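Numbers here are sequence positions counted from 1. Bear in mind that the values here come from a model prediction, so they are computed numbers and not experimental data.
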Amino acid sequence: LANAVQAEATARGYATFIGTAADDPASEVAIIEAFHRQRVAGLVVATLATDQSDDLLTRLAAHRLPLLLVGRKLDDPHVDSVLANYRRGGLLATEHLIDLGHRRMAFIGAQVSDADRVGRLRGYLDALERAGLPIRPEYIVGPSRSASPRYSTQLTGYECAQRLLRLPSRPTAIFARNDYTAIGALQALQEAGLKAPDDISVAGFDNVPLAAVMAPALTTVSQPTEEEGRLAAEFLLARIERPGDEMQKRQLVLECNLIVRASTAAPKR
């Protein structure tokens with residue numbers, strides 16, 4: 001994503017500066033404030049939404065600093081967004097598991113109450129509803145409520161899978177919020193003497209490069225990251241170079257694709 005933003009900006013004569021905030025909302029706010037003090041021409045922000053950053057970005061938008069959000073939205077008429085259709089991606093992954101014959105499918109990486117802000121979880125719930133399958137709260141597990149903003153990591157996947165394996169009726173398939181969460185789940189299965197997909201199928205989301213070389217190779221959902229970065233830079237540069245124009249707010253949603261690999265299969269009888 002960053003490479004695509006940089007390539008587009010460089011081609012138009014702009015230099016780019018990159019800050020990474022990991023999973024710390026305070027660090028994100030500090031980086032954004034530092035960029036603003038350096039009088040950057042505009043900002044691309046590609047982090048999870050938090051109350052802290054939303055408040056700061058709203059204030060910066062009020063001062064007409066050009067902003068573009070990737071993967072999140074802000075209720076402001078001057079802030080554009082580029083997103084992938086995460087809800088549709090979650091639907092595709094879950095329907096794939098249903099088509100294989102699974103009826104006990106877990107989602108790891110978020111809580112049930114996160115469905116309104118985590119599109120891939122909402123897609124999982126949509127697929128269950130379409131198939132007439134019950135929503136089992138014990139099959140939807142994520143980071144603790146105290147974590148903020150509740151990022152889902154490899155450790156999250158490992159711990160959530162361990163919790164699922166302790167259930168009296170464990171799921172036959174796991175859909176993880178992202179590929180690193182899925183990798184953590186695969187580690188937990190291996191330590192428990194289980195294999196994917198022989199014992200439990202596992203699917204992820206994002207199609208990170210590591211997903212294709214895992215053993216087994218990970219079924220996942222791919223989002224058009226390079227296109228997101230190119231369009232993010234294009235939209236932002238339009239606002240930078242036309243500061244006096246009252247441009248209409250743009251919110252573009254790109255489609256995701258299911259990539260079936262070796263980590264998913266029909267459940268054992």
Quiz item: When you measure from the side chain of Arg261 to the backbone N and O of Leu218, does any donor-acceptor pair fall under 3.5 Å?
Solution: yes
Practice problem: Determine whether more than 12 heavy atoms belonging to other residues, nucleotides or ligands lie under 6.0 Å from atom CG of Asp51. | Solution: no
Self-check item: Residue list, side-chain contact (heavy atoms from CB on, under 4.5 Å) with Ala127, at least two apart or on another chain
Solution: Leu91, Thr94, Glu95, Ile98
Quiz item: Measuring from Arg136:CZ to Leu167:CG, what's the distance to the nearest 0.5 Å?
Solution: 8.0 Å
Quiz item: Do you know the tightest heavy-atom contact between Leu258 and Ala93?
Solution: CD1-CA, 4.1 Å
Quiz item: With sequence neighbours left out, which residue pairs that include part of residues 153-193 fulfil the ring pair (Phe, Tyr, Trp, His ring centres under 6.0 Å) condition?
Solution: Phe107-Phe175
Practice problem: Indicate yes or no for a side-chain donor-acceptor contact from Asp199 to the backbone of Lys195 under 3.5 Å, with no hydrogens or angles considered. | Solution: yes
Self-check item: Min side-chain heavy-atom separation Ile183-Leu210 under 4.5 Å
Solution: yes
Exercise. For Glu191, check salt bridge (Lys or Arg N to Asp or Glu O under 4.0 Å) against everything at least two apart and list the hits.
Key: none
Exercise. Tell me, with the steps shown, if Asn178 and Thr181 meet side chain to side chain donor-acceptor pair (under 3.5 Å).
Key: CA-CA 5 Å; Asn178 57 53; Thr181 303; 2.8 Å; yes
Quiz item: Rounded to the nearest 0.5 Å, what separation is found between the OG atom of Ser81 and the CG atom of Leu231?
Solution: 12.5 Å
Practice problem: Run the salt-bridge test on Arg12 and Glu234 with the 4.0 Å N-O cut-off and return the result as yes or no. | Solution: no
Quiz item: Take atom CD in Glu226; do more than 12 heavy atoms of anything else shown fall under 6.0 Å from it?
Solution: no
Quiz prompt | Exceeds 12 heavy-atom contacts within 6.0 angstrom, atom CD of Gln190 | solution = no
Quiz prompt | Minimum side-chain heavy-atom gap Val70-Leu1 below 4.5 Å | solution = yes
Quiz prompt | Heavy-atom pair with the smallest gap, counting every atom of Ala84 and Cys256 | solution = CB-SG, 3.8 Å
Quiz item: Within the side chain of Asn207, is there an N or O that forms a donor-acceptor pair under 3.5 Å with the backbone of Thr220?
Solution: no
Exercise. Please indicate whether Glu255 has more than 12 foreign heavy atoms, meaning atoms of other residues, nucleotides or ligands, lying under 6.0 Å from its CD.
Key: yes
Quiz item: Excluding sequence neighbours, so at least two apart, what forms side-chain hydrogen bond (donor to acceptor under 3.5 Å, both in side chains) with Gln223?
Solution: Asp206
Exercise. Sequence neighbours left out, what pairs pass side chain to side chain donor-acceptor pair (under 3.5 Å) with at least one residue falling in residues 64-77?
Key: Glu28-Arg72, Thr47-Arg72, Ser53-Arg72, Asp54-Arg72, Arg64-His78
Quiz item: Under 3.5 Å, is there a donor-acceptor pair between the side chain of Gln111 and the main chain of Pro143?
Solution: yes
Practice problem: Would you check if there is a donor-acceptor pair between the side chains of Ser201 and Thr264 at a distance under 3.5 Å? | Solution: no
Quiz item: Taking side chain as C-beta onward, heavy atoms only, is Phe205 less than 4.5 Å from Ser152?
Solution: no
Quiz item: Any donor-acceptor pair under 3.5 Å linking the side chain of Arg104 with the backbone of Arg170?
Solution: yes
Self-check item: Reference residue Val112; test side chain to side chain contact (heavy atoms under 4.5 Å, CB included); the match among Ile140, Ile135, Leu121
Solution: Ile140
Quiz item: Any salt bridge between Asp198 and Lys268, counting N to O under 4.0 Å?
Solution: no
Quiz item: Does Asp126 come within less than 4.0 Å of Arg88, counting only side-chain N to carboxylate O?
Solution: no
Quiz item: Between Thr16 and Ala9, which heavy-atom pair has the shortest distance, and what is it?
Solution: CG2-CB, 3.6 Å
Quiz item: With a 4.5 Å heavy-atom cut-off, do Glu129 and Tyr124 have their side chains touching?
Solution: no
Quiz item: Is a side-chain donor or acceptor of Ser263 paired with a backbone partner of Ala203 at a separation under 3.5 angstrom?
Solution: no
Practice problem: First locate atom CG of Leu57, then atom CG of Leu65, and finally report the distance between them rounded to the nearest 0.5 Å. | Solution: 9.0 Å
Practice problem: Please identify each residue that fulfils salt bridge (Lys or Arg N to Asp or Glu O under 4.0 Å) with Asp80, with sequence neighbours left out. | Solution: Arg239
Quiz item: Are Val118 and Arg177 close enough that some pair of their side-chain heavy atoms sits under 4.5 Å apart?
Solution: yes
